[in-house]
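One structure, as C-alpha cells, below. Some questions next.
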Amino acid sequence: MLEKKSNFIKQIIEKDLADGKHKTIITRFPPEPNGYLHIGHAKSICLNFGLAEEYQGRCHLRFDDTNPEKESPEYVESIKEDVKWLGFDWGEHLYFASDYFEKFYNYALELIKKGKAYVCQLSPEEIREYRGTLTEPGKESPYRNRSVEENLELFEKMKNGEFEEGECVLRAKIDMSSPNLNMRDPVIYRIKKIRHHRTGDKWCIYPTYDFAHCLSDAIEGITHSLCTLEFEDHRPLYDWFLDELNTPCHPQQIEFARLNLSYTVMSKRKLNLLVQEGYVSGWDDPRMPTISGMRRRGYTPEAIKDFCERIGIAKSDNLVDYSLLEHCVREDLNKRALRFMGVLEPLKVVIVNYPEEQEEELEAINNPEDPSAGKRKIPFSREIYIEKSDFREDPPRKFFRLAPGKEVRLRYAYYITCEEVVKDEQGNIVELRCTYDPESRGGYTPDGRKVKGTLHWVDARKAKKAKVRLYDRLFLVENPALEEKKGKSFKELLNPESLKEVEALVEPALYGLKPGDVFQLERVGYFCVDRDSTSESLVLNRTVTLKDSWAKIEAKLSEK
RNA sequence: UGGGGCGUCGCCAAGCGGUAAGGCAACGGGUUUUGGUCCCGUCAUUCGAGGGUUCGAAUCCUUCCGCCCCAGCCA
C-alpha cells in the first residue's frame with residue numbers, strides 16, 4: 001500500500017490546525033439511505049474517515065434522512081454494514097438528521113422571527129415560473145412580505161397538517177435576482193404526508209437538504225464538511241443559514257470531484273434501474289460497482305481503500321481506468337490468496353504409461369508469496385484434465401504449452417509428452433493420449449532438462465465440479481453516462497456477455513472453503529466462494545483474471 | 001448571452017516563481033515449476049491557446065478556447 005498522499009483538503013486542514021482555528025477536526029459521512037453504497041461513496045468514506053484517523057479527530061456517520069419518500073431502514077442497515085466492512089468505526093457517533101427535526105423546526109421559527117423566512121402559497125409550477133431562468137432574474141412571490149405573526153401562524157398550521165401537500169412551503173427570504181439560483185428564496189420546508197421510517201407520523205413537514213445539512217453539521221460541531229462539486233453553488237446558501245441563525249459553530253464546506261469509473265455507472269438512479277429492471281441480480285450482483293457487489297465479487301476492503309488512496313482527491317472531472325482498481329485487487333490478493341488448481345474448460349488427458357490402478361498424492365505449495373501458508377497434497381492418477389486452451393494441434397510461434405510431440409510440465413506433478421490426439425466424428429478434440437516421465441515426479445528431472453510450459457490440471461477421479469461465474473465489464477463503453485446523454489439507451493450500452501457460467505473441475509480441497517473465501521486458481525485468476533454454494537454444489541465468482549501476457553503475444557501474432 | 005467550477009503524458013495526479021514527482025496503462029529486457037509475482041529499463045524540452053510581468057513562469061497578470069455543474073416542494 002502506498003503512503004498517504006497529500007491533497008488540497010489536507011492542506012486546508014493543516015493550515016486550520018496550525019493557525020489554531022481548530023484544535024481537532026470533525027468530519028462526517030452523510031449518506032441518504034435511499035440506495036446501496038458504491039465505490040464513489042467509498043472514496044468519500046475513505047476521505048472523511050481517513051482524515052479523522054490521520055489527524056486524530058473523529059468522523060460521524062450521519063444519515064441524511066430528510067425525504068421519507070425515498071428512504072428505508074433496509075438501506076440504513078446496508079450502509080452501516082458496508083462502512084464497517086471497509087474497516088471504519090464511527091464509535092458513538094451515529095446520527096440521523098431526523099433526530100434533529102425538532103431543532104430544525106426551532107431554527108425555522110428563528111428565521112421567520114427575523115423576517116428571513118415566509119410561508120409561500122404559490123403552486124410548485126408558479127414557484128418555478130417566479131424563479132426566473134439562468135439569464136433572467138426571478139420575481140418576488142406575492143406572499144413574500146407577510147408579517148412575522150402571519151408566517152408563524154401559517155407555519156404552525158403547516159406543521160399541524162392543516163394544509164395539503166403542495167399547497168404551501170416555507171421559503172428563505174434572500175434575493176430573487178441573485179445570479180445564483182439557489183439564493184432565489186429557496187424552499188426550506190415542504191409538506192409530505194408520508195410516514196418517516198424513524199419519526200413515524202410525528203411530522204408532516206420535512207426540511208430540504210440545504211436547510212438540514214448545514215444545520216446538522218453545525219449541531220454536530222463538524223469542522224470540515226466535505227461534499228462533491230455539484231454542491232459548490234450551494235455553499236453561499238450553506239453559509240447564509242449559518243450566518244443568519246444562532247448555531248453552535250460554522251463548519252467549512254469544501255467540495256471535491258466525485259469518482260467516475262470506466263465501464264460502469266455511478267448514479268444511484270441508474271444502479272437502481274439495473275436492479276429494478278432485472279439487468280443484474282440485485283444490489284450485490286458481483287458486476288455492480290456497489291460495495292456489496294464488490295464484496296461478493298471477492299474484492300477486499302484493503303484493495304478498495306488502496307484504490308481510493310491512489311486516485312487522489314482533486315477538483316477536476318475524472319474517469320478512472322477500471323484497470324487501476326483491478327491492479328489494486330490483484331496486488332492485495334497476490335499476497336494473501338491460497339493457490340489451488342481447477343480447469344474451466346476441461347480436456348481429458350490419459351497418461352498411457354501410468355499404471356491403471358495407481359494413485360498418488362503430490363505436494364503443492366499453498367502460497368509461494370507466503371511460506372507460512374504451508375503445503376497441501378493433491379491427488380494424481382492415470383487420467384487427468386487440463387485446460388482446453390493449453391493444447392493446440394497446430395501451435396503458433398512462441399506457444400509453449402502442449403502440442404503433438406511436445407513435452408510440458410504438469411504443475412507439482414510430472415512431465416508429459418503428447419503422443420496422440422483423439423477426435424470425435426465431428427473432428428472435435430476429445431482426448432489426448434500422453435506419456436509421462438516417471439523420473440520427473442514433483443516437476444523436476446535428474447537430467448535437469450528445461451521444459452518451458454507448466455500446466456495446471458486436476459485428477460479425473462478425484463476432481464469435483466464447481467459452477468463458475470465469469471464476470472466481465474457491465475458496459476460496452478468507457479463512459480456510459482456520457483453515451484446516454486448523447487442519446488444511446490441504457491440497454492444497448494450493456495455488455496451482453498458480462499456474465500458467463502461454466503462447469504469447472506476443481507481440486508477437492510476447494511470444498512473445504514466457506515462463502516466469501518477468496519483464492520487463486522493457478523494460471524487462471526482469483527475466485528471467491530459465492531453464498532449460493534451448498535455442501536454438494538460449489539459456486540464460484542471470478543474476482544479478477546490473472547494478467548495474461550500470452551494473450552497479448554497471441555493478439556500481436558494474429559495482427560501480422 | 002447569468003452564476004459557479006475545471007483544463008499538467010492514453011487514465012488518475014503532484015507541483016504553490018527557480019527550470020515537469022508518483023501510480024495505472026503501454027512498450028522493451030531479466031528471474032521464474034503460475035506466460036502470475038518480482039526485478040530492471042523506456043514513456044511530457046513541456047503544462048488548453050495567445051499575449052504580458054520577471055534574470056527566470058505550469059506556477060503571477062491578461063485575453064481567448066474547451067469541458068462540467070445549476071432553473072426539484074431530490075440529495
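In what follows, chains carry the letters A, B, and so on, assigned in the order in which the sequence lines appear, proteins first and then strands, with residues in each chain numbered from 1.
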Is A:Phe399 touching bases, backbone alone, or none of the nucleic acid, heavy atoms closer than 4.0 Å?
base
Taking N and O atoms by type only, does the side chain of A:Gln520 place a donor or acceptor under 3.5 Å from a partner on the base of B:U34?
yes
Sugar-phosphate only, base, or nothing, as touched by A:Lys398 at under 4.0 Å among non-hydrogen atoms
base
Heavy-atom donor-acceptor pair, A:Asn180 side-chain to B:G4 base, under 3.5 Å
no
Just to be sure I understand the rule, does A:Lys485 reach a base, reach only the sugar-phosphate, or reach nothing, if contact means heavy atoms closer than 4.0 Å?
sugar-phosphate
Verify the neighbour count for atom CZ of A:Arg392: are there more than 12 heavy atoms of other residues, nucleotides or ligands below 6.0 Å?
yes
When rounded to whole Å, the CG to C1' distance for the pair A:Leu237 and B:C70 reads 13 Å
At under 4.0 Å between heavy atoms, what does A:Tyr206 touch on the DNA or RNA strands: base, sugar-phosphate, or nothing?
nothing
Does A:Ser316 reach a base, just sugar-phosphate, or nothing at all? Heavy atoms under 4.0 Å.
sugar-phosphate
Qualifying residues under side chain to side chain donor-acceptor pair (under 3.5 Å), relative to A:His456, sequence neighbours excluded:
A:Glu387, A:Arg523
For atom P, what is the distance between B:C12 and B:G3, given to the nearest Å?
28 Å
N/O donor-acceptor pair, side chain A:Glu369 with base B:G36, under 3.5 angstrom:
yes
Taking any heavy-atom pair under 4.0 Å as a contact, classify A:Arg330: base, sugar-phosphate, or nothing.
nothing
Does B:G22 have a Watson-Crick or wobble mate here (both distances under 3.5 Å), and if so which one?
B:C12
Quick one: which of B:C12, B:G23, B:A71 gets closest to the side chain of A:Arg310?
B:G23
Searching all strands shown, indicate the nucleotide that pairs with B:U37 (Watson-Crick or G-U wobble; both distances under 3.5 Å).
none
Taking any heavy-atom pair under 4.0 Å as a contact, classify A:Leu546: base, sugar-phosphate, or nothing.
base
Using the six-membered ring wherever Trp is involved, compare the ring planes of A:Phe155 and A:Tyr105 and label them parallel, tilted or perpendicular (cut-offs 30° and 60°).
parallel
Using the glycosidic torsion, which applies to B:G5: syn (within 90° of 0) or anti (everything else)?
anti
Without placing hydrogens or testing angles, list every side-chain donor-acceptor pair under 3.5 Å for residues 163-170 of chain A, not counting sequence neighbours.
unit_1	atom_1	unit_2	atom_2	d
A:Glu164	OE2	A:Lys193	NZ	3.4
A:Glu165	OE2	A:Lys193	N	2.6
A:Glu167	OE1	A:Glu164	N	2.7

Given the C1' atoms of B:G50 and B:G66, what is the spacing between them in whole Å?
15 Å
A:Leu181 side chain: which of B:C27, B:A71, B:G4 is closest?
B:A71
Identify which one of A:Tyr100, A:Phe101, A:Phe211 satisfies the ring pair (Phe, Tyr, Trp, His ring centres under 6.0 Å) criterion when paired with A:Tyr206.
A:Phe101
If I pick the C1' atom on B:U19 and the same atom on B:G4, what distance separates them, to the nearest angstrom?
34 Å
Check the angle between the aromatic planes of A:Phe527 and A:Phe519 and answer parallel, tilted or perpendicular using the 30° and 60° thresholds.
parallel
Span that lies between the C1' atom of B:G41 and that of B:C69, in whole angstrom
43 Å
Of all the nucleotides listed (B:C6, B:A13, B:U34), which has the minimum atom distance to the side chain of A:Thr454?
B:U34
Mind checking A:Leu319 for me? I need base, sugar-phosphate or nothing, with any heavy atom below 4.0 Å counting as a touch.
sugar-phosphate
Pick base, sugar-phosphate or nothing for A:Arg184, based on heavy-atom distances below 4.0 Å to the nucleic acid.
nothing
Is there a donor and acceptor pair closer than 3.5 Å between the side chain of A:Arg339 and the base of B:U34?
yes
Do any N or O atoms of the protein come closer than 3.5 Å to N or O atoms of nucleotides 72-75 of chain B, and which pairs are they?
unit_1	atom_1	unit_2	atom_2	d
B:G72	OP2	A:Arg131	NH2	3.1
B:C73	OP1	A:Arg131	NH2	3.3
B:C73	OP2	A:Arg131	NH1	3.1
B:C73	N4	A:Leu122	O	3.3
B:C73	N4	A:Pro124	N	3.3
B:C73	N4	A:Gly166	O	2.9
B:C74	OP2	A:Arg190	NE	3.0
B:C74	OP2	A:Arg190	NH2	2.8
B:C74	OP2	A:Lys192	NZ	3.2
B:C74	O3'	A:Arg190	NH2	3.1
B:C74	O2'	A:Asn67	ND2	3.2
B:C74	O2'	A:Lys70	NZ	3.3
B:A75	OP1	A:Thr66	OG1	2.8
B:A75	OP1	A:Arg190	NH1	3.4
B:A75	OP1	A:Arg190	NH2	2.8
B:A75	OP2	A:Tyr209	N	2.9
B:A75	O3'	A:Asp64	OD2	3.0
B:A75	N6	A:His234	NE2	3.3

Residue A:Glu232, side-chain heavy atoms: nucleotide from B:C24, B:G3, B:G5 that is nearest
B:G5
Of the listed nucleotides B:G2, B:G7, B:G23, the one nearest the side chain of A:Leu324
B:G23
